[in-house]
Amino acid sequence: MQHDPLESETGFAGLGLRAELLRALTTLGYEEPTPIQQEAIPPLVAGNDLVGQAATGTGKTAAFALPLLQTLTPARRDAGPVALVLVPTRELAEQVSQAVHRYGRDLGVRVLPVYGGQPIGRQLQALSRGVDVVVGTPGRVLDHIERGTLKLGDIRTVVLDEADEMLDMGFAEDIEAILAETPDTRQTVLFSATMPPRIDSIARRHLREPVRITMGRKGVEPGEMPLVRQSAYLVARPHRAAALGRILDVEAPTSAIVFCRTREEVDQVTETLNGRGYRAEALHGGMSQDQRDRVMNRLRAGTTELLVATDVAARGLDVEQLTHVINFNVPAAPESYVHRIGRVGRAGREGSAITLAEPREQRMLKAIERLTGQRITLEKLPTVTDLRARRLELTRTSLQASIENDDLEKFRVVLDSLTGEFDVEDIALAAIKLLHEAAGGDVDEDEIPAPAPPSESRRAQGRDRDRDPRQGGRGRPSNAGATRLFFGIGRRAGVRPQDLVGAIAGESGLNVREIGAIQITDRFSLVEVPEPAADMVINAMQQAMIRGRRAAVRRERSGR
Ligand code: AMP
């Protein structure tokens, strides 16, 4: 290990977290708490209830996961879980369980994700062996409670994560039923990106004098924001490093800083960029002052063109000539965005701020725009064709510079010896080809797929409707682009609208708002989905379980 995790340098030490957790954070390369963690962790560790308004990307998962691991007794033998985290989707259930597992590794935490669509047998086995933390979707958690396979009598903390989304999916009653099974003495934590009245009402009924946390309310001072070009690219996580390389190829910054969240990420990105032919250097808090000074000197001397850094390492760093600030991911708080991009466009010079965001993080981009009062333009990633054109352009510029500036006479003997045999134009073309190849050659890359549609923005538009399927909100009129799917399972199997919505959204990734009217009869159900997504949904649902059963699914036959 590079340094003592208990040193206050980690910034986490002051939050009252136990040594095992601090160690895990150091290993993960977290250098300091995000603002939401800074505010939420101390009251949660002290046992308070809490309502936090925080979107994906703020670090909210660690904000609730670390405190619930704080009181865990390692190697407990009793079977019942002590913490329950309710989340809207299977994807989130997996993500949150992985996070809890990573943070709690040294404590030997036993965490189990529980969601529909996964064979229930595996979950039953794990539950009977004993777990500490259950992370689940409300429908499946309720299933387990009803079967008697999940007992909530030992629960000390319940977390409702992305509560607004769970209500959107029609899980309000399930949540109430689950809460009723937990001890009254429990600590209750609610995180939600938005705070519609129904969330407030849940908080009022189920939380006791909660601490309330809202992020990013302060505006920026006039003059604090430099006038730089601000743009963002939406990229799915697996393609982020490739996308960064491509953006840099096209932008060709003279001197740039790439901000990452963790030390690990800094090292990975540095490696990727060096592999792409850039001279990139890592700068993070795990390095000695000496190492950092050397990096800075190389940057000033121009032998390094790219600095890859965490916020902590970049603090107080004064580089005059930066042309680009690039956020490898959306910063955890709008304020740190302002802080980061304050490094370009100094003294009236031109500069660019570029942000890579996952589609789910679009809400954070909006929060930044609100804070700064400036627009961030969404750009399309350069395609392979764009890159090819850009590289040819670079070859052309190099040739032009050489014709204008270099002494070319000594090469004339080669030219003369060839002109007897070949056309001058052919000779020139061959020379261009060789130069082009020597400079990196043609683009040998696949296209980066466009990410799934940005669900956050669409949800935000319809959010205030705050529908509940069982109150009829789901009965939207059919629209022209919709197709009805038949599911061979209905009321007799206990199917409710939220089971269908949850299973479809969870299995196919279709946005909840794209699911239209639902009709449930005794033996079957009909669900409207957008026609272009119909086959994808049918495919995804082939193996899926709804209320513990597999159901036939196909397009509705006309005439039904
Ligand atoms: P979340 O908003 O919980 O989805 O977290 C967003 C991302 O930030 C996750 O990939 C976390 O691993 C990462 N993260 C959370 N807290 C920190 C921190 N204090 N320092 C660096 N990365 C963090």
Side-chain angles (χ1 to χ4, degrees), residues 88-94 113-123 136-143 146-147 165-166 168-171 174 236 359 449-453 455 458-459 462 467-560:
T89 62
R90 140 194 174 165
E91 208 186 349
L92 201 58
E94 281 179 345
V114 155
Y115 47 79
Q118 191 193 41
I120 206 155
R122 222 178 307 154
Q123 295 171 5
T137 51
R140 181 54 72 96
V141 166
L142 201 56
D143 264 1
E146 282 163 2
R147 283 166 179 254
E165 183 114 338
M166 288 199 281
D168 269 2
M169 294 174 76
F171 282 132
D174 289 1
S455 55
R458 216 184 0 256
R459 223 175 43 225
R467 297 168 294 144
D468 181 337
R470 270 159 302 174
Q471 290 167 7
R474 172 91 27 220
R476 262 188 288 171
S478 313
N479 58 52
T483 294
R484 286 218 289 188
L485 300 185
F486 167 92
F487 289 81
I489 188 166
R491 204 172 293 128
R492 291 222 179 125
V495 169
R496 304 158 307 163
Q498 62 267 40
D499 300 319
L500 291 161
V501 175
I504 294 171
E507 292 298 321
S508 71
L510 189 69
N511 187 265
V512 177
R513 294 227 172 262
E514 293 190 293
I515 301 172
I518 292 179
Q519 192 186 335
I520 299 179
T521 72
D522 278 351
R523 295 179 178 280
F524 65 89
S525 310
L526 297 169
V527 182
E528 266 187 7
V529 299
E531 169 52 36
D535 288 329
M536 184 269 290
V537 172
I538 292 172
N539 248 335
M541 298 306 292
Q542 293 302 331
Q543 299 303 317
M545 312 277 271
I546 303 171
R547 297 294 290 174
R549 297 180 197 207
R550 207 153 274 165
V553 49
R554 57 173 184 267
R555 274 165 207 273
E556 183 195 18
R557 293 195 186 109
S558 53
R560 176 180 293 284

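Bear in mind that the values here come from a model prediction, so they are computed numbers and not experimental data.
In this structure, Ile518 and Pro497 approach most closely via the heavy-atom pair CD1-O, 4.0 Å. Considering every non-hydrogen atom in both Val529 and Ala534, the closest pair reads CG2-CA, 4.0 Å. When all heavy atoms of Gly116 and Thr137 are compared, the closest pair comes out as N-OG1, 3.8 Å. For the pair Leu526 and Phe486, the tightest heavy-atom approach, listed with the atom from each and the gap, is CD2-CA, 3.9 Å. Of all heavy-atom pairs between Pro113 and Ala93, the closest is CB-O, 4.1 Å. Phe171 approaches Gly502 most closely through the heavy-atom pair CZ-CA, 4.5 Å.
Side-chain contact between Asp168 and Pro88 is absent, with no heavy-atom pair separated by less than 4.5 Å. With contacts defined as side-chain heavy-atom distances shorter than 4.5 Å, the pair Arg547/Arg496 qualifies. Side-chain contact between Phe524 and Ile489 is absent, with no heavy atoms from C-beta onward closer than 4.5 Å. A 4.5 Å side-chain heavy-atom check between Leu485 and Met541 finds every atom pair outside the cut-off.
In this structure, Arg140 is not positioned above the aromatic face of Tyr115 in the sense of NZ or CZ being under 6.0 Å from the six-membered ring centre and within 45° of the axis.
Summarising the geometry, atom CZ belonging to Arg492 is positioned 4.5 Å from atom CG belonging to Asp522; distances are rounded to the nearest 0.5 Å. Taking CZ of Phe487 as the reference point, atom CD1 of Ile504 lies at 4.0 Å (rounded to 0.5 Å). The distance from atom CZ of Arg554 to atom CD of Gln542, rounded to the nearest 0.5 Å, is 11.0 Å. Distance check, rounded to the nearest 0.5 Å: CG of Leu142 to CG of Asp499 gives 9.5 Å.
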Next on the checklist: Evaluate Ile120 against Arg147 for side-chain contact (heavy atoms from CB on, under 4.5 Å), listing each step before the verdict.
Outcome noted: CA-CA 11 Å; Ile120 206 155; Arg147 283 166 179 254; 3.5 Å; yes
Next on the checklist: Evaluate Asp535 against Arg555 for side-chain contact (heavy atoms from CB on, under 4.5 Å), listing each step before the verdict.
Outcome noted: CA-CA 9 Å; Asp535 288 329; Arg555 274 165 207 273; 2.8 Å; yes
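Arg90 contributes no side-chain N or O that, together with a main-chain N or O of Glu507, makes up a donor-acceptor pair within less than 3.5 Å.
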